[in-house]
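In this text the structure is predicted, and so the values were computed from the model without any measurement.
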Amino acid sequence: MDSCDSELSFKVSTQTETFLCERLLDQNQPVSERFRALFSLRNLRGAAPRNALIQGICISVCIYIYIFSTRDTSNLLAHEAAFALGQMQDAEAIPALEAVLNDLSLHPITRHEAAEALGAIGLESNIPLLKNSLASDPAQEVRETCELALSRIKGLKNTSVSESSPFLSVDPAAPAACSSVQELREILLNEDKSMYERYAALFALRNIGEEEAISAIVESLGANSALLRHEVAYVLGQLQNKRASDALSEVLRDVHEHPMVRHEAAEALGSIADEECIALLEEFAKDPEPIVSQSCEVALSMLEFEQSGKSFEYFFMQTPQVEQASY
């Protein structure tokens, strides 16, 4: 589990857990409502929820709900479920993630996220699984993710330093140790460098967060790799810097861009959330590519909750004896 576990921990009743699981799996619900349930389940922390996840008892147990939803008809939701499993870093999810990674009938965005989750879990036993897909998966973005995940696991083995992101995320690569923005920029833009080196430079620039660093990150939206471009958009969403709005808008408007990149651009624009960003999200909520249109829908829903002073996740009120969920 990640380092923020104890700070965000809370317990929920079986009734609440069941409600969230059923809401997540209900394909008649709007995708934004299902995302609310997914985000709420992802944040169940503490000893009791973790033990429930590990033991895998009954359908209301979160881990199995995540596993089932990785085969959902919404590719966006399925990929987000796989991402959540990686962020939770629970080894009990490995068999399901392996099955998703090996199922070529699933969208590459979901297989990619399963590979990244295996890297986030970080066990050496995941190496053969990732090597197999690195050699056989037809999608370049999936193969590159396997390469990245293998490097992450190797890096964990060779260092005793614990990774900690200031953004409370389990990142696919540890940030590079170099503090020179110019040197990091050169690595990030160098097409001959390995994917792991470029990701490490990207996260180092993100952590620096100065204007020069953000400019370098924006510049890398022109990289050859769709996988790298999608991570760049994700990072720009974490930074929430309005200087990136124009570049992200161009990405979202580009119908020839990979859907996974446009999806991350939409989410990043939702994080920046100025008037131009909101207007663009409303426009592309009608995009013919479901991964893009659903990303815009979820981003707009999150903004609506935020602007009304409410939590996008189902909000839990706790007392020593009573727990209530606001649905």
Side-chain angles (χ1 to χ4, degrees), residues 1-3 5 42 50 53-54 56 63-64 66-71 78-165 169-177 187-188 190-204 225-228 230-231 234-235 260:
M1 294 293 174
D2 56 283
S3 61
D5 175 39
R42 183 183 64 189
R50 187 179 301 114
L53 292 174
I54 293 172
I63 190 72
Y64 279 105
Y66 278 132
I67 289 169
F68 296 153
S69 62
T70 58
R71 294 182 178 275
H79 115 284
E80 192 70 27
F83 173 76
L85 286 170
Q87 294 297 296
M88 294 164 75
Q89 295 183 295
D90 197 316
E92 292 295 312
I94 291 173
L97 291 168
E98 177 186 6
V100 169
L101 180 59
N102 291 335
D103 189 344
L104 298 183
S105 70
L106 297 176
H107 195 285
I109 194 174
T110 306
R111 302 202 310 275
H112 136 75
E113 209 64 70
E116 184 173 301
L118 289 168
I121 294 170
L123 297 182
E124 289 186 59
S125 57
N126 292 342
I127 290 176
L129 316 179
L130 292 162
K131 283 185 174 181
N132 178 65
S133 288
L134 176 61
S136 62
D137 197 290
Q140 180 179 348
E141 58 270 33
V142 178
R143 296 194 304 272
E144 289 179 342
T145 306
C146 291
E147 174 190 345
L148 185 66
L150 286 165
S151 295
R152 183 182 190 277
I153 294 172
K154 181 180 178 181
L156 290 173
K157 180 181 178 181
N158 294 335
T159 181
S160 59
V161 179
S162 62
E163 298 179 43
S164 178
S165 166
S169 54
V170 181
D171 296 327
I187 294 171
L188 178 58
N190 189 338
E191 297 289 346
D192 293 326
K193 292 290 185 180
S194 71
M195 190 60 62
Y196 190 85
E197 289 177 290
R198 300 177 78 183
Y199 262 61
L202 171 63
F203 290 121
S225 167
L227 180 71
L228 181 58
H230 112 286
E231 196 69 24
Y234 171 78
V235 163
M260 70 190 297

### side chain to side chain contact (heavy atoms under 4.5 Å, CB included) between I121 and D90, intermediate numbers included
CA-CA 7 Å; I121 294 170; D90 197 316; over 6 Å; no

### Task
I would like to know whether D103 and R111 meet salt bridge (charged side-chain N to carboxylate O under 4.0 Å, His left out); could you show each step before the answer?
CA-CA 8 Å; D103 189 344; R111 302 202 310 275; over 6 Å; no

### Query
After noting the C-alpha distance and the side-chain angles of E191 and R198, does the key distance pass the side chain to side chain contact (heavy atoms under 4.5 Å, CB included) rule?
CA-CA 9 Å; E191 297 289 346; R198 300 177 78 183; 3.0 Å; yes

### Query
Hey, mind stepping through H79 and E116 against side chain to side chain contact (heavy atoms under 4.5 Å, CB included) and telling me if it holds?
CA-CA 11 Å; H79 115 284; E116 184 173 301; over 6 Å; no

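A distance-only check finds a donor-acceptor pair linking the side chain of N126 to the backbone of L118 [under 3.5 Å]. Without hydrogens or angle criteria, Y199 side chain to S194 main chain gives no donor-acceptor distance under 3.5 Å. Within the 3.5 Å criterion, the main-chain N or O of S133 finds no donor-acceptor partner in the side chain of D137. Checking side-chain atoms of S169 against main-chain N and O of S165 turns up no donor-acceptor pair under 3.5 Å. Using modelled atom types, no side-chain atom of E113 and backbone atom of T110 make a donor-acceptor pair closer than 3.5 Å. For Q89 (side chain) and A120 (main-chain N/O), a donor-acceptor pair under 3.5 Å exists by modelled atom type. S225 places a side-chain N or O within 3.5 Å of a backbone atom of L227 that can act as its donor or acceptor partner. In this structure, Q87 contributes its side chain and V170 its backbone to a donor-acceptor pair below 3.5 Å.
Annotation: the span from L101 atom CG to L106 atom CG amounts to 10.0 Å, rounded to 0.5 Å. The NZ atom of K131 sits 6.0 Å away from the CD1 atom of I127 when rounded to the nearest 0.5 Å. Atom NZ of K157 and atom CZ of R152 lie 15.5 Å apart (nearest 0.5 Å). Between the CD1 atom in I109 and the OG1 atom in T145 there is a gap of 10.5 Å [rounded to 0.5 Å]. In this structure, L134 CG and L129 CG are separated by 12.5 Å, a value rounded to the nearest 0.5 Å. F203 CZ to L188 CG: the interatomic distance, rounded to the nearest 0.5 Å, is 10.5 Å.
Closest approach of P128 and S125 over heavy atoms only: CD-O, 3.3 Å. Heavy-atom minimum distance, A149 versus A115: CB-O, 3.6 Å.
The closest side-chain heavy-atom distance from L123 to I153 is not below 4.5 Å. You'll find the side chain of L202 stays beyond 4.5 Å of the side chain of I187, heavy atoms only.
The distance between the ring centers of H107 and H112 does not fall below 6.0 angstrom.
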